[in-house]
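Take a look at the structure set out below.
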Amino acid sequence: MRREDKQFEYLIGQASHPFSGWDFSYIVETGRMNSDCLAWSYGSMAIQLMQEAESMLDMGTGGGELLARLRPWPKSVCATEGYLPNLSVARERLEPLGVNVHPVQDDEQLPFETGQFDLVLNKHESYSPREVRRVLAGGGYFLTQQSGGTDCHEINERFGVPLNREFAEWKLEAAVQGVRENQFEVVKQSEQFVSQRFYDVGALVYYLNAIPWQVPEFEVDKHRDELYSIHQLIKQQGYFEVTQHRFILLARALS
């Protein structure tokens, strides 16, 4: 029956729209996916910290979309990106604005001098607390927002794919322990579980194509039965709801 469902076929066909950098506006700005608000604002916290900084690093800048909107910046700004397709996007956007964008493949080897920065920002990027502490000057700040290990677990349950064991225990408690063991004091910490809704199955396909680690080896044809089941659910209740796992941590490097 699913191949006779023209709406289903149309929606999954539209999901091939190009995705670049870390920009989900194609499904967010059109209201096809949304998330409940968090109790904090990463952007507002970052802006406040930037006012007191002279040098800053943005880890995992994606295509530089967020960093470009956080101006004015400190005098010296660098960024890293580990996903090759995003690297050229970030450089094209940020380097004309004076940001040095560096490729990074190993969290334990950042291409910067010891104590080079007095602020490190990190939104949804992996990191080594020891290496972050090395590149931070004493008294500098590290701000990170992370996706926890149970993020959107309902998607995995629907597709019969277990959560990544390597990250299953990634939560605020583990992040706090990591920075405390590496000469940081914790200034602020918070963890939250909020709903995220997909209002059509095409938005879900677009999302899964953009974050291949959620359902490894995801393919529309391979998972057509599961997708059609979700399509039917959305037709019945209006949305497919999952749970975002988010936490934020602000830490100060001890002198």
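With Leu163 as the fixed residue, the side-chain contact (heavy atoms from CB on, under 4.5 Å) test singles out one of Asp151, Asn156, Ile155: Asn156.
Glu173 CD: 12 or fewer foreign heavy atoms inside a 6.0 Å radius. Atom CD of Glu52 has 12 or fewer neighbouring heavy atoms from other residues, nucleotides or ligands inside a 6.0 Å radius. Within 6.0 Å of the CD atom in Glu185, the count of heavy atoms belonging to other residues, nucleotides or ligands exceeds 12.
In this model, no donor atom of one side chain and acceptor atom of the other lie less than 3.5 Å apart for Asp107 and Ser128. A side-chain N or O of Thr243 and one of Glu154 form a donor-acceptor pair less than 3.5 Å apart. A donor-acceptor pair shorter than 3.5 Å can be found between the side chains of Tyr228 and Asp5. Using a 3.5 Å distance cut-off with no hydrogens or angles, the side chains of Trp40 and Gln145 do pair a donor with an acceptor. Judged by distance alone, the side chains of His223 and Glu219 never bring a donor and an acceptor atom under 3.5 Å apart. Of the N and O atoms on the side chains of Gln177 and Glu181, at least one donor lies less than 3.5 Å from an acceptor on the other residue. For the residue pair His102 and Thr80, no side-chain donor N or O sits within less than 3.5 Å of a side-chain acceptor on the partner.
Smallest separation of non-hydrogen atoms from Leu119 and Ala53: CB-CB, 3.9 Å. Pro129 and Phe184 get closest at one heavy-atom pair: O-CE1, 3.7 Å. Across all their heavy atoms, Cys78 and Gln116 have their closest contact at SG-NE2, 4.4 Å. Between Glu81 and Asn86 the shortest heavy-atom distance is OE2-ND2, 3.5 Å. The two atoms that bring Val201 and Ile234 nearest to each other are N-CD1, 3.7 Å, heavy atoms only. When all heavy atoms of Gly62 and Ala90 are compared, the pair lying nearest together is O-CB, 3.4 Å.
Proximity of a side-chain donor or acceptor of Asn182 to a complementary backbone N or O of Gly178 within less than 3.5 Å is detected. A side-chain donor-acceptor contact under 3.5 Å links Gln146 to the backbone of Glu125.
Cluster annotation: Tyr83 is not connected to Val101 through the hydrophobic network of ILVMFWY side chains, with a link wherever side-chain heavy atoms come within less than 4.5 Å. The hydrophobic clustering, which links ILVMFWY residues whose side-chain heavy atoms are closer than 4.5 Å, places Leu49 and Leu249 apart. Note on Phe247 and Leu250: separate hydrophobic clusters, where clusters join Ile, Leu, Val, Met, Phe, Trp and Tyr whose side-chain heavy atoms are under 4.5 Å apart, directly or indirectly. Tracing side-chain contacts under 4.5 Å through hydrophobic residues (I, L, V, M, F, W, Y), one never reaches Leu254 starting from Val132; they form parts of separate clusters. Under the 4.5 Å side-chain heavy-atom criterion for Ile, Leu, Val, Met, Phe, Trp and Tyr, Val99 and Val135 are members of distinct hydrophobic clusters.
Side-chain contact between Glu95 and Asn100 is absent, with no heavy-atom pair separated by less than 4.5 Å. Within the 4.5 Å cutoff, the side chain of Glu169 has heavy atoms near those of the Lys171 side chain. In this structure, Pro96 and Arg91 have side chains that are not in contact, with every pair of non-hydrogen atoms separated by 4.5 Å or more. In this structure, the side chains of Met50 and Trp73 come closer than 4.5 Å at one or more pairs of heavy atoms. Between Leu66 and Lys123, the closest side-chain pair of non-hydrogen atoms falls below 4.5 Å. Using a 4.5 Å cut-off on side-chain heavy atoms (C-beta onward), Tyr239 and Asp200 make no contact. In this structure, Phe142 and Leu136 have side chains that are in contact, with non-hydrogen atoms separated by less than 4.5 Å. Counting heavy atoms from C-beta outward, Leu121 and Leu57 have side chains that stay 4.5 Å or more apart.
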Open item on the list: Under the criterion side-chain contact (heavy atoms from CB on, under 4.5 Å), I'd like the reasoning laid out for Phe198 against Val242: C-alpha separation, chi angles, the key distance, then a yes or no.
Closed with: CA-CA 8 Å; Phe198 298 90; Val242 301; 4.0 Å; yes

- [ ] Go through the steps for Gln244 and Phe193 under the test side-chain contact (heavy atoms from CB on, under 4.5 Å), then give the verdict.
- [x] CA-CA 5 Å; Gln244 287 188 332; Phe193 298 85; over 6 Å; no

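Ring planes of Tyr207 and Phe24: tilted class, angle from 30 to 60°. Classification of the Tyr206-Tyr26 ring pair by plane angle, with boundaries at 30° and 60°, yields tilted.
You'll find the ring centres of Phe112 and Phe117 inside the 6.0 Å limit. For Phe240 and His231, the distance between ring centers is not under 6.0 angstrom.
A salt bridge links Arg134 with Glu131; the closest basic N to acidic carboxylate O contact falls under 4.0 Å. Residues Glu226 and Arg158 are not paired through a salt bridge, judged by the lack of any N-O separation under 4.0 Å between the basic side chain and the carboxylate. Ion pair Arg246/Glu191 not flagged as a salt bridge, since none of the NZ, NE, NH1 or NH2 atoms sits closer than 4.0 Å to an Asp/Glu carboxylate oxygen.
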